[in-house]
Amino acid sequence: MVNSYDPATAPKLPAREQALLERRQRVLGPGYRLFYASPVEVVRGERAHLFDAAGNDYLDAYNNVPSVGHCHPVVTEALSRQAATVNTNTRYLTEGVVAYAEDLLSTFESTFQHVTFTCTGSEANDLAYRIARHETGREGIIVTRNAYHGLTARVAEFSPSLGAGSALGPHVRVVDAPDASAVDGDLGQHFAAGVRAAIDDLSRHGYGLAAMYADTIFSSDGIFADPRGFLAPAVAAVRAAGGLFIADEVQPGFTRLGSSWWGYQRHGIEPDMVTLGKPMGNGMPIAAVVQRADIGEQFGRDMRYFNTFGGNSVSIAAAHAVLSTIRNERLLDNVRAVGEVLKEGIASITGDNPRVSSVRGAGLFIGVDVRKPGSDGELLPDAALAARYVNELRERYVLISASGPDGNVLKVRPPLCFDLVDADRFLTTFEGVERIVRD
């Protein structure tokens, strides 16, 4: 995992943290990972800030799950009130789940008319694939080369970022990420050509195309947002082959990119299905598949779908409070304004640094591509330098992470409530770290 704690190289921790770490390793086992060379113990959160046991204030420029801010009072009040009233499932007739579904669908184009609730984004992507197979009668999936779409057995088969230990399914084809810097010519047509080649290969091997998935900010691939519209030719190629296009909006959705509610809308396209997850309930377990009116009807009649905790009353209350907060606090406007300040500030600070090849992204989702010169003069990914940025910032109480197949793209992705004061603190600290890493 990019930026993970390694006990072999980690600095010595204070006695209390060391004892907690040892207890954690004993009971949770080796499968869990911690961030940062020196782990952060979190005891409290508020808006875009996390606090440790000593009261240190960490500026959170990484966590998108608490989308409207850690422990937002509107969300915590709504879920507490619902938990004290009733918490049940969608087998019963309740007002809350219907009202929320209506409100959620109002943020989409009118062609989207149904929503099915799950608990996690992994489940949502799993369900979307089941629907796609049922609709098309085919199995093939296309994703980008380092995509991440979830952890269920089926979805892990088309999440190549999980690494060599998690094999891709034989029905899965990968295409290169839409990196404009690596393309000579029209990015949209180049990306679509890769998709058409993958479609042909799936047909040749007897799978056909069920669906193409895309996280519309391409987060795991290294964060690619521009030029707007580059996805449209690939989506047209998918539709021409009789496949479905599924927009994975777990990370770019809910106004994160600063231009609209959903990341795919920057490209002037309408998916067949949209999957939602983590930020939806500000940390509560809720996710969803949103479907166009003509998608999923037959699946619903033939298969049905029930998830005991998908759409439970407490998670629905939290999710509805998130929607209200995004509107009431005008967070789309905030994301647009603060994201522009952050992106321009980072670009200005790193502008004369030959090791930073680009600063890219949209809204409050920014990537900083860190590289080193190779033997032939070509710039190569520099994961070590990226990790140094991440850990130097962490030591100064600012939290980010890294992304991309080589772990060399700094990932700046704070809660939507990240304000200009937060941005100023981030840029001041980042500028100090920039001087350090250049020495």
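Owing to the predicted nature of the structure, the values given are computational and were not obtained by experimental measurement.
Residues L399 and F35 are not in side-chain contact: their nearest non-hydrogen atoms beyond the backbone lie 4.5 Å or more apart. A 4.5 Å side-chain heavy-atom check between N408 and L385 finds every atom pair outside the cut-off. By the 4.5 Å heavy-atom criterion applied to side chains, L257 and F365 are counted as neighbours. Contact check for F430 versus T350: side-chain heavy atoms found under the 4.5 Å cut-off. Contact of the L59 side chain with the Y397 side chain is not registered, since no non-hydrogen atoms from C-beta on lie closer than 4.5 Å.
With no hydrogens or angles considered, a side-chain donor-acceptor pair links T275 and N125 at under 3.5 Å. T152 and E123 form no side-chain donor-acceptor contact under 3.5 Å, judged by distance and modelled atom types alone. No donor-acceptor contact under 3.5 angstrom links the side chains of Q265 and S259, judged on distance only.
Ion pairing between a basic and an acidic side chain is recognised when a charged N comes within 4.0 Å of a carboxylate O; D352 and R438 show such pairing. In summary, R360 and D369 engage in a salt bridge, as defined by a charged side-chain N under 4.0 Å from a carboxylate O. D333 has a carboxylate O that lies under 4.0 Å from a charged side-chain N of R336, or vice versa, which qualifies the two as a salt bridge.
Relative orientation of the F254 and W261 rings is perpendicular, given thresholds of 30° and 60° on the angle between their planes. Classified by interplanar angle (parallel below 30°, tilted 30° to 60°, perpendicular above 60°), the ring pair F299/H134 is perpendicular. Ring geometry, Y264 versus F112: the interplanar angle falls from 30° to 60°, so the pair is classed tilted.
Within the 3.5 Å criterion, the main-chain N or O of Y129 finds a donor-acceptor partner in the side chain of Y213. Remark: side-chain polar atoms of N391 are paired, donor with acceptor, to backbone N or O of A37 under 3.5 angstrom.
Distance check, rounded to the nearest 0.5 Å: CZ of R413 to CD1 of I400 gives 11.5 Å. Considering CD of Q291 and CD1 of I131, their distance stands at 4.0 Å, rounded to 0.5 Å. Here L168 contributes atom CG and I141 contributes atom CD1; the two are 11.5 Å apart, rounded to the nearest 0.5 Å.
Residue F108 qualifies as enclosed at atom CZ: its count of foreign heavy atoms under 6.0 Å is above 12.
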From CA spacing to verdict: salt bridge (Lys or Arg N to Asp or Glu O under 4.0 Å), D422, R425:
CA-CA 5 Å; D422 297 326; R425 176 179 166 186; over 6 Å; no
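Aromatic rings of F230 and F224 (six-membered ring for Trp) have centroids beyond the 6.0 Å cut-off, not under it.
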